[in-house]
Amino acid sequence: MKGAKAVVECLKEQGVDTIFGYPGGMILPLYDALYDEKSIKNILTTHEQSAAHAADGYARASGKVGVCMATSGPGATNLVTGIATAFMDSIPMVAITGQVDTTLLGRDAFQETDIVGVTMPITKHNYKVKNPKLLVETIREAFELAKKGRPGPVLIDIPRNVFFADVEYTPLKKEKKEKARPDADFLIYAAEAEEVMLQAKRPLVIAGGGVISAGAEKELAAFVEKFHFPVATTLMGIGAIPCSHPQLLGFAGMHGKKAANNAIAAADLIIAIGSRFADRQTGSIDKYTTDTKFIHIDIDPAEIDKNIASAIGLAGDMKTILGILMQRSPRTNLDAWWKKIGGWREEYAYDYSVKRLTLPWALHHVAGRTAGKAYAFTTDVGQHQMWSALHLHIEEPRTWITSGGLGTMGFGLPAAVGAQMAFGNKRRVIHVAGDGGIKMTGSEYYTIARFNLPVISLIVNNTSLGMIRQLQKVMYKERYTACEFDYDMDYVKYAESFGIKAEAVSTPDEFAEAFDRALEEEGPRVLVLNIHRSFVEPMTKGGARINEFVDFK
């Protein structure tokens, strides 16, 4: 069969049912091959960056490999931000790009760009398929690599003439793979970790996004319950353990809950599971590690000792590792530790009583109205993202979708497109964005309207780039520049121009009534929250311990 047809057959055998992309000359042969393929939804986004973010959102929501495609040159380079976002958060994705004919490579042909060279630092691997005989093998290898071990994006660059070449295609025979067994050296480290774990008087577990990638949520819950460990999550780990779990202290980090950050600062042992100790999680590394021992569990050996030195590292399958640690019995009485934690919880409980509309109050209302029901949340990046992490109640894995490592503004809306495609009618997506990020990829309301996706979109209109303004207050003596919008855009009319019902709200009562109406309707809705400028609290001080906070008074 022709190369383009072989690509389609490979996608089908990999279980791909949805592709996000934007056509162009060099990728058109593949689009043509998809014309008669009814088993794969071909979603046209309004921009290639949105295609990558949508594939990313699809992958986070489904646990499957997300797929996006674009043409050569500007089409391929427009995917870069989305690929980098997936790479930083370890999201499985395959990006397929068209390329100029092999005879034109290196000649500065129209829309030729070395996308393999461009994306080398932000992919697990990438390929330029010059030989048609290697096409099928390469696609299969790319999908395997994207989901194997620590997941991540893989790019396949295919010259146009390869799509037209004759290709041998033989249906894939799936072989059952045996799980690797821990070796003797690993078991020695595990035994050392067990002893440290059982001797700790103030232990704390930090759950990261790796728990969700590994599907190890039940194992995590069983582990902390058996040893009665308190647990905090990273931004990416939200949903790894239910928000309602009595041992969960909440989200920790630069804008994390004070109780969680205080517990981390006071712990004598931190057991990090599927977390890479990023700078927004730790604050000052030197102060973070003072008088604290670490056990680091991760699928990627390269993460062990990368940011936190002298940790007991256990690299490998998370379920297997937790199973080994579970073989021991609790030894230390942690009542005094839990009493101290209980004091912090009580001292720093959030007061939701308000006189005017605030986003924490609105998100608390959203959490109450969606409790126990099938909803998922996507966010953009900024103040609203941190407020969402603090005030939404995420009970299940893969229902919290946000850009963590790269912090990509514009991520939320196209990610909502991908997530809603993945969930179908089984779960409804609620999207939260700032008025800055919505200007970047708001055109995806067109895609939402076109496919009548039931996304509820909350636009936080505080007429500013809120997080930039916050940083300028804390670090630049309130010299506010390039962060305040002196021209107030009408977001209601903007949403309505795509055919989406929208309304603006300015009081708690107005929001409650409007959100309840949005829940009752089946189609997409946009709510614009007109709120006053304010600052996200808590916020840790730069270069300080994780429990030293900025005073905004």
Side-chain angles (χ1 to χ4, degrees), residues 182 190-253 256-257 259-264 266-275 281 292-299 311-312 314 316-346 349 367 371-372 389 392-400:
E192 181 184 356
E194 288 170 342
E195 283 304 309
V196 171
M197 184 180 79
L198 296 176
Q199 292 171 8
K201 295 180 179 178
R202 300 183 306 281
L204 180 121
V205 170
I206 295 178
V211 175
I212 297 170
S213 295
E217 302 86 8
K218 291 181 180 178
E219 288 77 7
L220 170 67
F223 176 69
V224 299
E225 286 166 5
K226 178 172 183 175
F227 296 101
H228 201 47
F229 290 155
V231 56
T233 74
T234 66
L235 181 68
M236 294 302 300
I238 292 174
I241 192 165
C243 182
S244 58
H245 197 288
Q247 290 167 235
L248 177 64
L249 309 186
F251 154 59
K257 290 189 175 182
N261 282 14
N262 273 313
I264 289 172
D268 61 357
L269 171 67
I270 290 176
I271 306 169
I273 306 176
S275 169
Q281 176 190 334
T292 308
K293 294 181 179 179
F294 293 89
I295 296 171
H296 194 177
I297 301 170
D298 202 278
I299 188 67
I312 299 174
L314 300 175
D317 177 71
M318 194 174 297
K319 292 183 179 181
T320 301
I321 294 170
L322 290 177
I324 292 172
L325 298 181
M326 287 276 285
Q327 292 174 5
R328 300 292 292 271
S329 298
R331 185 187 304 167
T332 310
N333 187 311
L334 301 179
D335 288 349
W337 178 222
W338 272 107
K339 185 177 180 180
K340 196 171 188 67
I341 289 171
W344 288 323
R345 280 174 156 173
E346 186 175 344
L392 289 174
H393 294 173
I394 309 300
E395 292 290 311
E396 298 178 59
R398 302 196 179 280
T399 61
W400 165 256

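The structure displayed is predicted, hence computed values, not measured ones.
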Please check this pair: side chain of [X] against backbone of [Y], looking for a donor-acceptor N/O pair closer than 3.5 Å.
X      : Y      : result
Trp400 : Leu235 : yes
Glu395 : Ala371 : no
Gln247 : Val231 : no
Asp268 : Ala200 : no

Rounded to the nearest 0.5 Å, what separation is found between the [atom1] atom of [X] and the [atom2] atom of [Y]?
X      : Y      : atom1 : atom2 : value
Leu269 : Leu198 : CG    : CG    : 10.0 Å
Ile270 : Ile206 : CD1   : CD1   : 4.5 Å
Leu325 : Lys226 : CG    : NZ    : 10.0 Å
Leu314 : Glu192 : CG    : CD    : 9.0 Å
Leu220 : Met318 : CG    : CE    : 8.5 Å
Glu219 : Ile321 : CD    : CD1   : 12.0 Å

Work out which heavy atom in [X] is nearest to a heavy atom in [Y]; give both atom names and the distance.
X      : Y      : result
Arg398 : Ser213 : NH2-CA, 4.0 Å
Ile273 : Val211 : O-CG2, 3.5 Å
Ala252 : Ile264 : CB-CD1, 3.5 Å
Ile238 : Ala389 : CD1-CB, 3.7 Å
Leu248 : Pro242 : CD2-O, 3.5 Å
Ala214 : Lys319 : O-CE, 3.5 Å

Next on the checklist: Checking Val205 against Phe223 for the side chain to side chain contact (heavy atoms under 4.5 Å, CB included) test, could you report, in this order, the C-alpha distance in whole Å, the side-chain angles of both residues, the deciding distance, and whether it holds?
Outcome noted: CA-CA 10 Å; Val205 170; Phe223 176 69; 4.0 Å; yes

Item to check | For Ser275, side-chain hydrogen bond (donor to acceptor under 3.5 Å, both in side chains) partners two or more places apart | outcome: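 For Ser275, the residues satisfying side-chain hydrogen bond (donor to acceptor under 3.5 Å, both in side chains) (neighbours in sequence not counted) are Gln281.
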
Checklist entry - What pairs with His245 under ring pair (Phe, Tyr, Trp, His ring centres under 6.0 Å), at least two apart in sequence or on another chain? => result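 Listed in chain order: nothing, the list is empty.
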
Checklist entry - Parallel, tilted or perpendicular: which describes the rings of Trp338 and His228, with under 30° parallel and over 60° perpendicular? => result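 Plane angle between 30° and 60°, so tilted.
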
Checklist entry - Taking it one step at a time, do Asn262 and Lys340 satisfy side chain to side chain contact (heavy atoms under 4.5 Å, CB included)? => result CA-CA 10 Å; Asn262 273 313; Lys340 196 171 188 67; over 6 Å; no

Checklist entry - Under the side chain to side chain contact (heavy atoms under 4.5 Å, CB included) criterion, do Arg345 and Lys257 qualify, and how do the steps go? => result CA-CA 9 Å; Arg345 280 174 156 173; Lys257 290 189 175 182; over 6 Å; no

Checklist entry - Does Glu396 reach the side chain of Glu217, with side-chain heavy atoms less than 4.5 Å apart? => result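 Result no, sub-4.5 Å side-chain heavy-atom pair not found.
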
Item to check | side chain to side chain contact (heavy atoms under 4.5 Å, CB included) between Leu249 and Trp344, worked out | outcome: CA-CA 10 Å; Leu249 309 186; Trp344 288 323; over 6 Å; no

